Amino acid sequence: MKVADLTGLPDGVPEHFQSQGIEELYPPQAEAVEAGITDGESIVASIPTASGKTFIAELAMLSSVARGGKALYIVPLRALASEKKEEFEEFEQYGVSIGVSTGNYDSDGDWLATKDIIVATSEKVDSLVRNGAKWVDDLSCVVADEVHLVNDAHRGPTLEVTLAKLRRVNPNLQTVALSATVGNADEMADWLDATLVDSSWRPIDLRKGVLYGQALHFDDGTQQELARGKQKETAALVEDTLGDEGSSLVFVNSRRNAEAAAKRLADVTKNHLTDEERSKLREVADEIRDVSDTETSDDLANAVEKGSAFHHAGLASEHRSIVEDVFRDRLVKVISATPTLAAGVNTPSRRVIVRDWRRYDGDVGGMQPLDVLEIHQMFGRAGRPGLDPYGEAVLIAKSHEELQELFDQYVWADPEAVHSKLAAEPALRTHILATVASGFAGTEDELLDFLERTLYATQTDETGRLETVTQRVLDYLERNGFLERDDRLRATGLGHRVSQLYLDPMSAAEIIDGLRAAEDDPTALGLYHLVSRTPDMYQLYLRSGDRERYTEIAYEREPEFLGHMPSEFEDHAFEDWLSALKTARLLEDWASELDEDRITERYAIGPGDIRGKVDTAEWLLNAAERLASELQRSDEESLPSATTTAVREARKRVQYGVEEELLDLAGVRNVGRKRARRLYAAGIESRADLREADKSVVLGALRGRRKTTETILENVGRKDPSLDDVEADAEAKATATKTANEAAGNGGQQSLGDFE
DNA sequence: CTTGAATGCGTCTAGACAGCATGTC
DNA sequence: CTAGACGCATTCAAG
C-alpha cells in the first residue's frame, strides 16, 4: 500500500509523508489501514520497537482530527511526552495543534481544550478525568503507547482504569493500543473491542546472538570469531563494533555496574576518536560538570571525554538528555545503562549488549532472570533505521550450558503474557475512591459494573476475587472518612480532596493522623518524616550502620515526630520508620542548604535522586497543606492554624532548599539557594532590601557577575537595574566567596555532629 | 624493594507517576 | 533458604 493511497487525512499530510521519503507503508501499517485505522476503527498493534508504531498512531489521530475530532496520546514517561510532542509538531503546518500535559510541564485545562492532539502521561490523564476536565468528553481518538505496561503492578492499573473511564465517557471512542510483542495481545484486543494487528516484521534486520568465549553465535546459524585476547567480553564486543564504525549499548543490572563499565569501556573508545571528536567531547564534558558539582557528574564527564558514558536514574535529568543527545550524534560510542534506557526516549544503536540478564530481587533474596519482554525491549534498541544496515543484539554466556540456556530462554523464546494487576489492594484503594468521587459509580453494583470493563475482569476466571477486595477497600475508605456507604456510595469532602490531590488514600490517612497528633508547632523534620513514611514516597535503602545511626537520631529527636513511633522490637515497622527518617534527614539537609555533593555522598545517592525526593516531598507537603485546610473546614476539633503555617513553611524550605530566613529572597526569579545565601551574607535580607541596596554591594555579593545581577535586579522590580558605572564592592565579594566555601562544608548547624 | 596479578571478603542491589503556581547556578 | 559484580585489602611471585 502506498502513502498516496491514504484517504481521510488532513490536506497536505500524505504529501508531507512523501516528502519525508515515505512512499510505501510497512506491512503492519498497511494491515492497520486495512483494519480501518483511518476510519475510526479500534486497533491493538502488537509489533516490535522501531517498526513504525508512531506512524500508525499518527494515521489514527490525524484522520480523527480531519473529521473534526480530538485525539489523546498517552505515554508512560514524562520524557516521552516531550519527545512525542516534538514529533507531532510537524503537523502544525497543516493546521493541527498540539498540547502537552504532564505533572511538571503543564498547560491549563482551558488551553488544552483548544488543541487537536494532546500528549499526556497516564497519571495526568487520570488526574484530569478526576478533576472533570471538560475536553475529555470531546475526545474521538485515544492512543495508548506501551500498553503492555498494564502488567506493571504499580502503574499498570492506572492505565487500565483510565482507558476504561475514557471509553465509558465516550462509547464511540476510537482506541488504538500500541504494544511491544507480548504473549496475549489477543486478550487486549478483546478487552478494547479492537482489531488485532500482530506482527514481528521489522524495517531493518535484527540479528540476535550469544557470545561464549571467542565465538559469537547468531540466531541464523552463523558464527563470528571475536579476537579478544585478555579483553573482557563486553570490551571486545564494543571494540568489534567500533571497527565497523558502529556504536554499542550495554545493559547491566545496577547503577554501580553501569558506572564501572563506562569507566572500563572508556579505555576502549578513547583509541577510536578523531581529534575533532575529542575536542567536541571535551566541551560536552564541561557541560556535564556544569550541571552539578558532584562525584557522579565528574565521573560521567571523565568517561564522556573518552567517548563512553553511563546512564541511570540517579543522573540529573540534564545529564540524561546530554548523554542521549551526544550518543545520537555518534560522539559517544557506548552507553552503559540500567534498564531505564530501554524504556525511555529513542536511543538506537548498532549493537546492543545485554551483559546482565539477572537482577537482584529482595523479595526472593537473590538474582532473578529478567522477563523475556524486558530483554526484548533492550534488543529492540538495536539498529538505527536508515543508518545501520542491520542491528545486533548480543547476550553473554559464561559457560557452554548457559549458551544453550540463553538461546532457549531469550533468543528463541516468545515474550510472556501480560496480566492485569488491578486486583491488588493498593491499586484498588486509589481507583475505587476516584471512581466514586468523580461520579462513575454511585452504588456498589455500579462500581462492580465499572470494574467489569477493565482488562482484569476479562482476564480472570476467579469469580469473587474482585468483589472481596472491593469490599475490603470500601471498608477501609469508609473507616478513614473518605467514603460514606449506605444504599449508595458517596465520597466525603475529604474523599473528594484526596482523589483530586491524586494521593494514595493510605498516604492521606497517614498525613491526617500525623497532623491531628501534632499538638503545637510541628518542626520541619517532623513534617518531612510524616510525608516520607507515606506509600507515595519511595524508601531509601538502609545501608550497613544506618540502623544504629538513625536509631540514635530517632531517640534524640523523638519529640519532633508526629504520631506513634513503632517499638524497636517491631522489626519490620521499625525498619520502615527508620528508612523514612533517613529520607526526612535528607530533606532536612537540603532545606538547611547543605551542598549537593555532600548530600549525594552522605546518603550514597545520585543528584537525580535528590531532585526526585525533593519533588515528591514538595508535592506531598502541598497535599498536606490542602488536607489541613480541608480538616479545618469540616472538623469539629479543628487543627491549630499554626500547623498549617508550619506545613507551608516546611514545603517552601524544601522547594527552595533554604533556611527560613532566605524564603523571601529565594522566591525571586534567578535567585536560588546559593545566591540567596550570598546576598543575605552581604546584609541584603529581603526583596525590599534588594530593591534598595547599594548596587555595588549586590554586584559584589553575586561575585561580580554583571549580567546575572542586572537580571536579578530587574526581576525583583527595581526601577533602574542598570549597572553602568557600578563596580563590585570588594568586601561583599570577599564575603560571598567565603560563604561559598563555607557552604561546601557546613549545611546548617543542627546537621553537624551527627555524622562527623 | 617494587610492581602487579591472584585471592579473599564485605557490601550492596532498576525504575519514577502525581498538585500548584511560576522559574536554578 | 536462594546471587554475583565490584572494590578494597591482603598475599604472593616475578623482576
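Each chain gets a letter, A, B and so on, in the order the sequences are listed, and its residues count up from 1. Source: prediction; values computed, not measured.
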d([atom1], [X]; [atom2], [N]) in whole Å:
| X | N | atom1 | atom2 | value |
| --- | --- | --- | --- | --- |
| Glu618(A) | dG19(B) | CD | P | 13 Å |
| Arg497(A) | dC20(B) | CZ | P | 7 Å |
| Asp595(A) | dT24(B) | CG | P | 18 Å |

Show every donor-acceptor pair shorter than 3.5 Å between a side-chain atom in residues 366-376 of chain A and any protein atom, with sequence neighbours excluded, or say none if there are none.
from: Glu374(A); atom 1: OE2; to: Arg359(A); atom 2: NH2; distance (Å): 2.5
from: His376(A); atom 1: NE2; to: Tyr410(A); atom 2: O; distance (Å): 2.9

So which nucleotide from [options] ends up closest to the side chain of [X]?
| X | options | value |
| --- | --- | --- |
| Leu77(A) | dA18(B), dA16(B), dA14(B) | dA16(B) |
| Arg255(A) | dG19(B), dC12(B), dA14(B) | dA14(B) |
| Tyr656(A) | dT24(B), dA18(B), dG15(B) | dT24(B) |
| Glu123(A) | dA14(B), dC20(B), dA18(B) | dA18(B) |
| Arg256(A) | dC12(B), dG15(B), dC17(B) | dC12(B) |

Looking at [X], I'd like to know whether one of its side-chain N or O atoms comes within less than 4.0 Å of OP1 or OP2 on [N].
| X | N | value |
| --- | --- | --- |
| Ser127(A) | dG19(B) | yes |
| Arg543(A) | dC12(B) | yes |
| Ser254(A) | dC12(B) | no |
| Arg359(A) | dG15(B) | no |
| Arg677(A) | dT24(B) | no |

Assign [X] to base, sugar-phosphate, or nothing according to its heavy-atom contacts below 4.0 angstrom with the strands shown.
| X | answer |
| --- | --- |
| Val668(A) | sugar-phosphate |
| Lys652(A) | nothing |
| Arg264(A) | sugar-phosphate |
| Thr616(A) | base |

- Message: Any salt bridge linking Asp546(A) with Lys582(A)? Criterion: basic side-chain nitrogen under 4.0 Å from a carboxylate oxygen.
- Response: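 Salt bridge: yes.
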- Item | Electrostatic pair Arg547(A)-Glu575(A), nearest N-O below 4.0 angstrom |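 Looking at Arg547(A) and Glu575(A), the cut-off is met.
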- Message: Taking atom types as they are modelled, would you say the side chain of Tyr538(A) forms a donor-acceptor pair with the base of dA16(B) within the 3.5 Å cutoff?
- Response: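 Answer is yes: a donor-acceptor pair is held.
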- Grab the two heavy atoms, one from Asp299(A) and one from Phe310(A), that are nearest each other, plus how far apart they are.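 Reported closest heavy-atom pair: C-CE2, 3.9 Å.
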- Rounded distance in Å between the P positions of dC1(C) and dG19(B):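 The same atom, P, in both gives a distance of 42 Å.
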- Task: Using the P atoms only, state how far dC17(B) lies from dT2(C), rounded to an integer number of Å.
- Result: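 Comparing P positions in dT2(C) and dC17(B) gives a spacing of 35 Å.
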Scan side-chain atoms only and decide if [X] and [Y] contain a donor-acceptor pair under the 3.5 Å cut-off.
| X | Y | answer |
| --- | --- | --- |
| Asn715(A) | Arg687(A) | no |
| Glu324(A) | His311(A) | yes |
| Ser579(A) | Gln539(A) | yes |

- Qualifying residues under salt bridge (Lys or Arg N to Asp or Glu O under 4.0 Å), relative to Glu714(A), sequence neighbours excluded: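 If we apply the salt bridge (Lys or Arg N to Asp or Glu O under 4.0 Å) test to Glu714(A), skipping adjacent residues, there are no hits.
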- Message: Going 5' to 3' along DNA chain C, between which two nucleotides do contacts with chain A fall, using a heavy-atom cut-off of 4.0 Å?
- Response: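 Taking any atom under 4.0 Å from a heavy atom of chain A, the span is dT2(C) to dG7(C).
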Atom pairs and distances, donor-acceptor, side-chain atoms in residues 604-621 of chain A, under 3.5 Å, two or more places apart:
from: Asp609(A); atom 1: OD1; to: Arg255(A); atom 2: NH2; distance (Å): 3.1
from: Asp609(A); atom 1: OD2; to: Arg255(A); atom 2: NH1; distance (Å): 2.7
from: Asp609(A); atom 1: OD2; to: Gly606(A); atom 2: N; distance (Å): 2.8
from: Lys613(A); atom 1: NZ; to: Tyr538(A); atom 2: O; distance (Å): 3.0
from: Thr616(A); atom 1: OG1; to: Gly612(A); atom 2: O; distance (Å): 2.9

- Item | Closest-nucleotide 5' rank along DNA chain C - winner of Ala260(A) and Val364(A) |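 Per heavy-atom nearest nucleotide, the more 5' residue is Val364(A).
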- So what stems show up for DNA chain B if we need 3 or more Watson-Crick or G-U pairs in a row, all under 3.5 Å?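 So the stems come out as B:1-13 with C:3-15.
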- All side chain to side chain contact (heavy atoms under 4.5 Å, CB included) counterparts of Glu123(A), not counting sequence neighbours: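 Checked Glu123(A) against side chain to side chain contact (heavy atoms under 4.5 Å, CB included); matches are Thr121(A), Arg155(A), Thr158(A), Tyr502(A).
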